[in-house]
Structures are given as structure tokens and as C-alpha cells.
Amino acid sequence: MKALRYVEVGKPPVVVDIPIPTPGPGQVLLKVTAAGVCHSDDYVMSLPEEAYRDQHYPLPLTLGHEGAGVVHELGEGVDTALQVGDAVAVYGPWGCGYCHNCSTGRENYCTNADALGIRPPGLGNQGSMAEYMIVDDPRHLVPLGDLDPVQNVSLTDAGLTPYHAIKRSLPKLGAGTYAVVIGSGGLGHVGIQILKALSGATVIVLDVNEDKLELAKHVGADVTLISDASAAGKIREITGGLGANAVFDFVGADPTIATAIAVAGLDSDVTIVGIGGGTASFGFGSIAYDAAVRVPYWGSRSELIEVLDLARAGKVDVEVQTYSLDDGPKAYEDLAASTIRGRAVIVP
Ligand code: NAD
Ligand code: ZN
Ligand code: ZN
């Protein structure tokens, strides 16, 4: 089968021909129908050799932590209601299944995953950018039903991650409030739709790229602004001097985090989702009283089901740009060049 693999540190990924894997006991083999391209893959491929090894990532590594497919074969002893031929989405942040967090579906915060060496597909395990992929447990599959896999595969990360981030701030986002979204890329453009669907907030979106701001408007942003040093002052003005009730930074670089802190209002949430290498700097007097800063990771299994339900209800629609597996390397070039509108999805 064809697979898009990262084979050498510092080099672009390549399409290779490898054997179709066989599901071991308890595992499920999927025939992949769609695989999303995330900026985090770019981050992983930018790591120097030592940092890459420190993360226990293997080489070669089949990329892809957003995956959808059709159940192709069940390994020995798999006990599941899923049948061969069922359309599914892959829940990516795999955990042990039995710690307290996993027991509540929050496998993204599994307390045993590190010690047991359990890693997400595409981020340690072999991922979804191949014709077939192994899923370690049927627990990590969610039925897609009649949702189109290409249109919706990215909800497993570009939908789930903002959903998890936003859900915790919803009590602060009633009518008359303001939410700021920084970065209207893959995650951001879905985050805007989630905010519009679930909150009463006026949604203000910042990006450095005019095309991304146009996309933000297209998916429902109320106000769009170029992300620069003057943005914080403009947001203060729009919010009558009070600042935002919640800020979601899908970039996470020093300047965007500084903006996020500067526009945070009294008792607000500042949520840093992007892994742009920045750090927050604040203390008494340099952030609004009782503002809270959070750094969430991915989302829970039940939240994935909720995001898919939002799509089913027509309230979230991922903007998709498709590529074949052979064109996979080009998808990463386009991601780096910031020319993708919404999410790049590889269709094997
Ligand atoms: P993307 O490349 O699709 O989107 C990034 C967007 O940010 C682009 O629209 C870009 O123009 C914009 N941008 C860049 N610099 C900016 C600036 N200074 N101000 C405003 N906007 C700016 O990336 P993505 O796949 O949506 O991922 C976003 C970030 O989230 C990445 O850092 C990724 O690694 C991270 N991520 C985190 C989690 C998590 O669990 N915390 C999960 C998935 C992705
Ligand atoms: Zn991701
Ligand atoms: Zn666990």
C-alpha cells in the first residue's frame, strides 16, 4: 500500500510502498477514506534529531493524526458492535482506557500513556496517511454514520481541539460578551463556527493573512482584524474598554500570546491552543483581575461525538482542500506557504 512517511529528520515526507499491516489481537484494521493535515505535523517535522528522539517518535513515521475509514478487519478477540464495512472516525489521543481520566472519556489526559508508551496515530504510532491503518482498540473509533469522511475527518482534531477549548469557557460567553480568535487556519475557522453555534459572543478574529480573514468572515466572524501590534488597542475599543471575555490563541507565538493577555478582560479565559513556542508573561497589574490562562490538549471521546453531532446538525462545516496520497508532500508545502483555505485533506 502507499503511505506518506517522514523518513529522515529535517527532510520532507515521501510517498512509499509498504505492506498492508495485519491487525494484532484487540486491534482494528481500517481502510482509510480521509486523513487531515495538521500544523502540528509540521512542528514534529521541524524538531531537531535529539528533540525528535526525546519524544519517542519512530522513523519512519506514517503521518496523520486526523483519520477516517471503513472497518476492514477485526483482530483476534475484538469485542465491538462495529461491523466490517462500518464508516468511522478515529479518536486520536489514545490513552490506557482504565485510569480515572480515561474512564471519563478524557483519554487526552491519560495519566498512564507516557509510562506505557501509548501514542496517538501519526504522533508516535503509524498514522492515517496510508491506504490502511491500525487502530489499537475499537474504543478509539466513533461511528461516522452518514457524515462524509472527507468533509468531516478534520473534526477529529481541527474540530475537537477548539470544541474542547471553547466548551470550558461557555459559561463566560453569554449574550453581550466578546470572544477573540487568533489564527483563522484549520483549527481557527472551525473554532469560529463553534463559538457562533454555542455562544452569544461577538466573535473577533485576528490573522496576518487577508485570505484567512476572508475565510473567517465567510464562516461567521463578526469582526476581522489584521494581527499586529495595533490589534489589542482596536479590540479594547470594540469592547468598550472592557476587553474580551475569552481569547483563543490558535497560534501560540510570543506576539499573539502578548495580544491575548493584553485584550483579556476581567474574569476572562485566555486559552493558548497553538504550539508556536511562545510563553505568557503576566503578573499583578499586567493582566486583568481574575483572568485565567489555560493550555489545553486535544479533547475527550464524548466531545468528539458532540462535534460530529454539530456537523450533522449543519452548524459546523470544514473548508476542505483535497490532495491524493501522491500529492501529500505538496499539501505540507502549501501548509508551510499558508495557502490552504481551511484544512488540507488527503484522500487515498
Ligand atoms: P494552520 O496553519 O492551519 O493555521 C494557523 C493560522 O494562524 C493561519 O491562518 C495563519 O495565517 C495564522 N497566523 C500565523 N501567525 C499569526 C499571527 N501572528 N497572528 C494571527 N494569526 C497568525 O494551523 P492549524 O493546523 O490550525 O494549527 C494551529 C496551531 O494549533 C498549531 O500551532 C498547531 O500545532 C496547534 N495545535 C494544537 C493542538 C492542541 O491540542 N493544543 C491541537 C492541534 C493543533
Ligand atoms: Zn493536530
Ligand atoms: Zn488512561
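Numbering of ligands and ligand atoms starts at 1, following listing order. The model shown is predicted, which means the values in this text are computed figures rather than measured ones.
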Short N or O distance, [X] and ligand 1, threshold 3.5 Å exclusive:
X: Asp207; result: yes
X: Ile182; result: no
X: Pro296; result: yes
X: Gly342; result: no

Looking at [atom], what's its closest protein heavy atom, distance included?
atom: atom 13 (N) of ligand 1; value: Val251 CG2, 3.7 Å
atom: atom 40 (O) of ligand 1; value: Trp298 N, 2.8 Å
atom: atom 44 (C) of ligand 1; value: Ser40 OG, 3.3 Å
atom: atom 2 (O) of ligand 1; value: His39 ND1, 2.5 Å
atom: atom 25 (O) of ligand 1; value: Arg343 NH1, 2.6 Å
atom: atom 32 (O) of ligand 1; value: Ile275 N, 2.9 Å
atom: atom 37 (C) of ligand 1; value: Val273 O, 3.1 Å

With [X], the side-chain contact (heavy atoms from CB on, under 4.5 Å) member among [options]:
X: Val37; options: Gln321, Arg343, Met129; value: Met129
X: Pro296; options: Val273, Thr161, Asn108; value: Val273
X: Glu66; options: Asn152, Thr156, Asp41, Leu155; value: Thr156

Should you measure from each heavy atom of [X], which atoms of ligand 1 turn up under 4.0 Å away?
X: Val208; result: 11 (O), 13 (N), 14 (C), 15 (N), 16 (C), 17 (C), 18 (N), 19 (N), 20 (C), 21 (N), 22 (C)
X: Asp157; result: 42 (C), 43 (C)
X: Ser184; result: 9 (O)
X: Thr256; result: 17 (C), 18 (N), 19 (N)
X: Gly274; result: 29 (C), 30 (O), 32 (O), 35 (C)
X: Thr161; result: 38 (C), 39 (C), 40 (O), 42 (C)
X: Ser338; result: 11 (O)
X: Gly186; result: 1 (P), 3 (O), 4 (O), 26 (O)

Item checked: Options Gly185, Cys38, Ala158, ranked by nearest heavy atom to atom 5 (C) of ligand 1, top entry -> Gly185
Next item on the list: Using heavy-atom distances, let me know which of Gly278, Ser227, Gly277 sits nearest atom 19 (N) of ligand 1.
Entry: Ser227
Is there a heavy atom in [X] that sits closer than 4.0 Å to ligand 1?
X: Gly252; result: no
X: His189; result: no
X: Phe250; result: yes

Can you tell me how far the [atom1] atom of [X] sits from the [atom2] atom of [Y], to the nearest 0.5 Å?
X: Thr271; Y: Ile166; atom1: OG1; atom2: CD1; value: 9.0 Å
X: Ser184; Y: His189; atom1: OG; atom2: NE2; value: 7.5 Å
X: Asp222; Y: Lys196; atom1: CG; atom2: NZ; value: 3.5 Å
X: Asn112; Y: Cys99; atom1: CG; atom2: SG; value: 5.0 Å
X: Lys212; Y: Leu206; atom1: NZ; atom2: CG; value: 14.5 Å

With hydrophobic residues grouped by side-chain heavy-atom distances under 4.5 Å, do [X] and [Y] end up in a single group?
X: Leu63; Y: Val345; result: yes
X: Leu308; Y: Val190; result: yes
X: Tyr163; Y: Tyr297; result: yes

Item checked: Evaluation steps, side-chain contact (heavy atoms from CB on, under 4.5 Å), between Leu30 and Val70 -> CA-CA 5 Å; Leu30 293 190; Val70 168; over 6 Å; no
Item checked: Heavy atoms from other residues, nucleotides or ligands near CG of Asp54 exceed 12 (cutoff 6.0 Å) -> yes
Checklist line | Neighbour count >12 (heavy atoms, 6.0 Å) for atom NZ, Lys172 | finding: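 Counting neighbours around NZ of Lys172, more than 12 heavy atoms of other residues, nucleotides or ligands fall under 6.0 Å, so yes.
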Next item on the list: Could you pull out the closest heavy-atom pair between Arg106 and Tyr91, with the gap in Å?
Entry: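 Nearest pair, atom of Arg106 first, then Tyr91: C-OH, 4.4 Å.
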Notebook entry, point to check: Taking NZ, NE, NH1 and NH2 as the nitrogens, is one of them in Asp269 or Arg168 under 4.0 Å from a carboxylate oxygen of the other?
Noted result: no
Notebook entry, point to check: Between Lys2 and Asp326, is there a salt bridge with N-O shorter than 4.0 Å?
Noted result: yes
Notebook entry, point to check: In the protein, how many N/O/S atoms are under 2.8 Å from the Zn ion (ligand 3)?
Noted result: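 Number of qualifying protein atoms: 4.
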Note to self: Applying ring-ring contact (aromatic ring centres under 6.0 Å, His included), can you list everything that pairs with Tyr332, at least two apart in sequence or on another chain?
What the structure shows: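 For Tyr332 there are no ring-ring contact (aromatic ring centres under 6.0 Å, His included) partners, ignoring immediate neighbours.
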Check: Could you go step by step and tell me if Ile340 and Glu319 meet the side-chain contact (heavy atoms from CB on, under 4.5 Å) rule?
Finding: CA-CA 9 Å; Ile340 290 163; Glu319 286 279 331; over 6 Å; no
Margin query: Once side chain to side chain contact (heavy atoms under 4.5 Å, CB included) is applied, do any residues pair with Val7, and if so which ones, sequence neighbours excluded?
Written below: Arg5, Val14, Pro60
Checklist line | Which segment of Leu187 sits under 4.0 Å of ligand 1 when only heavy atoms are counted | finding: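 For Leu187, the contact with ligand 1 is made by both the backbone and the side chain.
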Check: Where on Tyr297 is there a heavy atom closer than 4.0 Å to ligand 1, on the side chain, on the backbone, on both, or on neither?
Finding: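 Answer for Tyr297: both.
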Margin query: Strictly under 2.8 Å of the Zn ion (ligand 2): which protein N/O/S atoms qualify?
Written below: Cys38 SG, His65 NE2, Asp157 OD2
Next item on the list: Fit a plane to each ring of Tyr289 and Phe284, take the angle between them on a 0 to 90° scale, and name the class: parallel (under 30°), tilted (30 to 60°) or perpendicular (over 60°).
Entry: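 Tyr289 and Phe284: tilted rings.
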Margin query: Can you classify the ring geometry of Tyr132 versus His72 as parallel (below 30°), tilted (30 to 60°) or perpendicular (above 60°)?
Written below: perpendicular
